[in-house]
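Just so you know, ligand 1 is whichever comes first in the structure, and atom 1 is the first atom listed for that ligand.
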Amino acid sequence: MPKSGFIAIIGRPNVGKSTLLNRLIGHKVSIVSEKPQTTRHRILGIITDERGQIVFVDTPGIHKPGYELNRRMMQIIYEALQDVDLVILMVDVGQEFGQGDRFVLDMIKEAARPTILAINKVDAFKKSRALPIIDQYQKEYGFLDYIPISALCGDNVDVLIDKVFEHLPEGEPLYPPEYITDKSERFIVGELIRERVLAHARQELPFSTAVVVEKFDESEREMRNFVKIIATIIVERESQKAIVIGRGGQMIKKIGTEARKEIEAFLGAKVYLDLFVRVQERWRDLPRFLDEIGIGTEKKI
Ligand code: GDP
Ligand code: MG
């Protein structure tokens, strides 16, 4: 009998959850940056082999909600904790245990789901640093396993997959075997553009930026392997718009060139990309706008 199930990747911002999701499925479907709150949606990454199917659920980082946007992001995490068969709690081996970790641990205890602790970024630190962390977490909760990994370099990721299969319930695959994510190309294209903005943005700008893909024209994809994309970068203030555009349009040009390269690699097609910038005040608190860009509107698992 094959196995199948959902497993949520949970943890504080920046510990490497999205990097792990991409590594697990071998494709970049979830964007990565060193800025907190990069991931705003629930993103599925699916792997299928002779043992069965694992549906990983990438989630936003656990943080205190201020805006409606952040409330929806936390809701995604709470729902994932309720709905999945297993949880991977990810921590950063290089980070001291703090208040945020306490908050996360309490969430895990409260949810009381079978949970694997993954201690990430072991490539960047001495391996021995994982030991006291394992010791501490062991005292707090009965985790199924404690696995030091490097999501970036791939160390122990195969062990993690083995462990997940070990603990997964029996069941038929939930998605066709060729599926790697639930997200559309159009969605991922918007995220790749946002990732390029994040890469160049500072201070408040990452939090204030959203991307809307206005047009995803594939009419010449089959004949010419060509896709035409028009997208708008949304910010909250005129001053931010000026930063994104840059002096003489330099910044938006750079973002556009980098994003186009990423999108071409992702789609395996030639891409024409046209970018606009628009101010939408307080969009992080506007339910209608958040609905429109699809944050917190995913169907339940
Ligand atoms: P998330 O917020 O938990 O989804 O974290 P991301 O996947 O966006 O990664 C946050 C930052 O940590 C990025 O700069 C990644 O390149 C970096 N990172 C993620 N995993 C590793 C790892 O295993 N080793 C190292 N050295 N850096 C990592
Ligand atoms: Mg992420």
Determine whether any heavy atom of Ser33 lies closer than 4.0 Å to an atom of ligand 1.
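Under 4.0 Å: yes for Ser33.
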Among the heavy atoms of Asn120, does any lie under 4.0 Å from an atom of ligand 1?
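True for this residue.
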Ser150: which of Asp123, Asp155, Thr19 passes side-chain hydrogen bond (donor to acceptor under 3.5 Å, both in side chains)
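That would be Asp123.
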Please confirm whether [X] comes within less than 3.5 Å of ligand 1 when only nitrogen or oxygen atoms on both sides are compared.
{"X": "Lys17", "answer": "yes"}
{"X": "Leu152", "answer": "yes"}
{"X": "Val32", "answer": "no"}
{"X": "Pro13", "answer": "no"}

Nearest protein heavy atom with distance in Å, relative to atom 6 (P) of ligand 1:
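I find the closest protein heavy atom is Thr19 OG1, 3.6 Å.
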Please state which protein non-hydrogen atom is closest to atom 2 (O) of ligand 1 and give its distance, to 0.1 Å?
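The protein heavy atom lying closest is Asn14 N, 2.8 Å.
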For residues 273-281, run the donor-acceptor check on the side chains, cut-off 3.5 Å, and write out each pair with its distance to 0.1 Å, sequence neighbours left out.
| from | atom 1 | to | atom 2 | distance (Å) |
| --- | --- | --- | --- | --- |
| Arg278 | NH1 | Gln280 | OE1 | 3.3 |

Using 4.0 Å as the upper bound for N to carboxylate O, is an ion pair formed by Arg72 and Asp291?
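A salt bridge links Asp291 with Arg72.
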Under 2.8 Å from the Mg ion (ligand 2), the protein N, O or S atoms, given as residue and atom
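Within the sphere that stays under 2.8 Å of the Mg ion (ligand 2), the protein atoms of type N, O or S are Ser18 OG, Thr39 OG1.
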For residues 247-257, which side-chain N or O atoms pair as donor and acceptor with protein atoms under 3.5 Å away, sequence neighbours left out?
| from | atom 1 | to | atom 2 | distance (Å) |
| --- | --- | --- | --- | --- |
| Thr257 | OG1 | Lys253 | O | 2.8 |

Asp58 side chain to His41 side chain, donor-acceptor N/O pair below 3.5 angstrom
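No.
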Test of understanding: with ring pair (Phe, Tyr, Trp, His ring centres under 6.0 Å), list the residues that count as partners of Tyr137, not counting sequence neighbours.
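Here the qualifying residues are Phe97.
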